[in-house]
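Structure first, commentary second.
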Amino acid sequence: MNSTQSDRRRFLKDAALAGIAVGGITSASGQAPTSESRHADISAYGERSQFENSVRVTAAFHDPPKDHSSVTPLQDSVGIITPSGLHFWEDHDFGNPLPGGDPRQHRLLIHGLVDRPTTYLWEDLKRLPVGSGVYFIESKSNSKPLKGRDAESVQQVHGKTSCSEWTGAPLSLLLREAGLQKGAKWALAEGSDSGKYTTSIPIEKAMEDVLVAYAQNGESVRPQNGYPLRLIVPGWQGHNDVKWLRRIKVVDEPYMAKWESGSSADQWPDGKARWFRFETGPKSIITRPCPENRLSGHGYCEITGLAWSGGGKILKVEVSTDGGRSWKQARLEGPVLPMAHTRFCFDWNWDGEEAVLQSRCTDERGEIQPSLAELGRHMGVPPDQLEPYFGFPGKLKDHINAIQPWKVNWDGSVRNALFS
Ligand SMILES: Nc1nc2c(c(=O)[nH]1)N[C@H]1C(S)=C(S)[C@@H](COP(=O)(O)O)O[C@H]1N2
Ligand SMILES: [Mo]
């Protein structure tokens with residue numbers, strides 16, 4: 001036994017004698033732990049300072065009781081990585097026990113139109129060559145125009161996006177090992193929730209950059225985010241990223257499963273649905289100032305925010321402080337990675353007058369983030385129907401990547417100006 005192991009063992013033994021639940025901070029007797037045992041706990045697996053209080057909150061825009069979503073506190077974000085404990089999460093089978101559980105019991109089956117159907121254990125996957133990338137996830141239900149107090153919050157309006165380093169086995173490797181047969185066109189991915197959450201992914205994308213991820217930001221994927229295994233489909237709308245992944249069936253056509261047809265298909269005003277829109281369009285949001293981060297006084301104030309696109313890297317971000325009449329280029333604070341949140345910064349002096357702040361990004365393909373009116377025109381939604389709404393079905397059911405204006409009032413407070 002090496003010294004770390006013996007230390008660990010001694011700690012466990014001491015903890016058992018003291019009746020401390022290892023991994024938690026309350027003792028078995030329900031009494032607060034001694035400062036010594038608490039110190040031992042924290043040094044085993046750290047926690048943030050007691051003065052830090054940034055948290056996820058339940059999303060205003062979800063459909064209880066089966067749907068639950070917790071939104072990321074974007075107003076507190078720095079850099080490009082979302083701490084795992086603050087990554088948003090969306091669960092369509094809420095109320096049932098969290099799927100996943102013991103990784104030793106977990107199996108991933110690859111079958112269908114393949115020469116060699118294969119079952120992988122969690123540990124098997126970890127022995128394969130590793131694939132890794134920093135990727136955003138964004139739900140297509142993000143950035144819906146909320147009403148009232150909920151609208152006055154960057155967390156509530158835009159918090160269904162987060163960005164992590166994801167690590168796992170490349171799906172292309174697993175499919176190549178299994179041997180794709182002729183006619184293999186789609187990969188059907190299934191989660192182990194009781195509702196068997198399923199999506200169909202074209203085989204071209206499956207062979208390109210999709211990850212079967214077991215790790216998030218340097219440790220195992222968090223339970224709410226799909227422990228022990230999840231799919232990461234870089235740059236595509238979040239509902240493709242099947243969590244608690246247990247099965248990939250290679251098939252010859254898409255399956256139109258519940259969550260990719262009924263609920264996730266984009267709806268046009270005439271009631272027709274546009275299925276299988278995959279990529280997330282270029283999008284940016286100012287996270288400071290914002291309704292949660294009012295201005296504290298006149299003078300210098302850095303404007304900062306996040307930009308991302310399913311189309312690759314962010315090429316540039318422009319900021320306007322006069323409601324869109326003029327635009328100036330912001331600085332991209334690296335790293336600038338494809339299909340990842342990208343931090344932008346902009347020097348500004350607030351003269352104390354009312355101002356409307358907004359950002360717009362362009363991705364490496366040259367695609368530019370639209371205004372809400374431009375997005376409405378593109379989706380065939382008339383301007384008078386772009387008003388805020390709450391709940392399904394919405395007029396703009398599609399992924400919304402419209403420019404977000406924030407209005408700075410004379411007293412430094414900040415309001416959502418998208419619909420005023
Ligand atoms: N098995 C399963 N996978 C799922 C879901 C789900 O409910 N069950 N929700 C999907 C949706 S709609 C989104 S937006 C993403 C969100 O990923 P996150 O919860 O890790 O943020 O997971 C997707 N994967
Ligand atoms: Mo979603």
Side-chain angles (χ1 to χ4, degrees), residues 56-59 61-74 81-101 106 108 135-144 155 158-168 187-201 210-217 220-248 257-266 277-280 283 308 310 341 392 394 397-401:
R56 297 181 289 213
V57 294
T58 297
F61 189 79
H62 73 300
D63 206 1
K66 289 304 268 181
D67 289 359
H68 178 96
S69 182
S70 276
V71 282
T72 291
L74 290 174
I81 299 289
T82 310
S84 303
L86 296 177
H87 194 290
F88 90 96
W89 58 280
E90 199 162 300
D91 183 349
H92 296 299
D93 198 23
F94 190 62
N96 289 313
L98 203 62
H106 195 83
L108 173 65
Y135 299 120
F136 71 80
I137 299 181
E138 181 178 22
S139 173
K140 68 178 298 159
S141 66
N142 198 24
S143 306
K144 294 293 187 256
Q155 179 169 21
H158 300 295
K160 289 188 191 179
T161 183
S162 302
C163 184
S164 287
E165 183 196 47
W166 298 101
T167 304
L188 203 67
E190 184 187 82
S192 49
D193 0 13
S194 62
K196 293 188 189 170
Y197 185 95
T198 304
T199 56
S200 315
I201 290 150
V210 175
L211 288 175
V212 174
Y214 43 73
Q216 173 182 9
N217 297 331
S220 292
V221 169
R222 289 291 168 104
Q224 283 83 3
N225 300 114
Y227 184 86
L229 271 189
R230 78 170 304 165
L231 217 55
I232 292 289
V233 184
W236 285 21
Q237 294 175 354
H239 59 272
N240 294 290
D241 301 328
V242 177
K243 302 190 282 188
W244 312 296
L245 179 72
R246 69 167 176 202
R247 188 160 77 102
I248 304 253
K258 180 178 174 197
W259 290 106
E260 59 189 345
S261 51
S263 306
S264 291
D266 301 335
R277 195 177 112 100
F278 298 118
E279 228 177 72
T280 297
K283 183 161 175 178
W308 61 97
H341 281 176
F392 289 97
K397 194 175 178 187
D398 193 14
H399 171 247
I400 296 180
N401 62 332

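In each ligand, atom 1 is the first atom listed, and ligand 1 is the first ligand listed.
Listed by number with element, the atoms of ligand 1 under 4.0 Å from a non-hydrogen atom of Trp244 are 1 (N), 2 (C), 8 (N). Taking a cut-off of under 4.0 Å to the non-hydrogen atoms of Phe88, the atoms of ligand 1 that pass are 16 (C), 18 (P), 19 (O), 21 (O). With ligand atoms numbered from 1 in the order given, ligand 1 contributes 7 (O) to contacts under 4.0 Å with heavy atoms of Asp91. Against a heavy-atom cut-off of under 4.0 Å, Ser139 is close to the following atoms of ligand 1: 14 (S). Close approach to Trp89 involves these atoms of ligand 1, each under 4.0 Å from a residue heavy atom: 18 (P), 19 (O), 21 (O).
When heavy-atom distances to ligand 1 are checked against a 4.0 Å cut-off, Tyr197 comes that close only through its side chain, counted from C-beta outward. Proximity of Glu138 to ligand 1, defined as any heavy-atom pair under 4.0 Å, is not found for any part of the residue.
With sequence neighbours excluded, the residues that form a side chain to side chain donor-acceptor pair (under 3.5 Å) with Arg246 are Glu190. Scanning for side chain to side chain donor-acceptor pair (under 3.5 Å) contacts around Asp91 gives an empty result, with sequence neighbours left out.
Here the side chain of Lys144 pairs no donor or acceptor atom with the backbone of Ile400 at under 3.5 angstrom. In this structure, the side chain of Ser141 does not engage the main chain of Ser139 through any donor-acceptor pair within 3.5 Å.
For atom 2 (C) of ligand 1, the nearest non-hydrogen atom from the set Asp193, Val242, Thr198, Leu231 belongs to Asp193.
For a threshold of 3.5 Å applied to N or O pairs, the pair formed by Ile137 and ligand 1 contains no separation below that value. The shortest N/O to N/O separation between His92 and ligand 1 falls below 3.5 Å. Distances between N or O atoms of Asn225 and those of ligand 1 include at least one value under 3.5 Å.
Distances shorter than 4.0 angstrom do not occur between any heavy atom of Asp93 and any atom of ligand 1. The shortest heavy-atom distance from Arg230 to ligand 1 is under 4.0 Å.
Counting all heavy atoms, side chain and backbone alike, Thr72 lies closest to His87 at OG1-C, 3.6 Å. Closest approach of Phe88 and Asn225 over heavy atoms only: O-ND2, 3.2 Å. Ala59 and Lys160 make their closest contact through CB-CE, 3.8 Å (heavy atoms, listed as atom of the first residue, atom of the second, distance).
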His106/Trp244 under ring-ring contact (aromatic ring centres under 6.0 Å, His included): CA gap, chis, key distance, verdict: CA-CA 9 Å; His106 195 83; Trp244 312 296; over 10 Å; no
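With hydrogens and angles left out, the side-chain atoms of Asn142 and Thr161 include no donor and acceptor closer than 3.5 Å.
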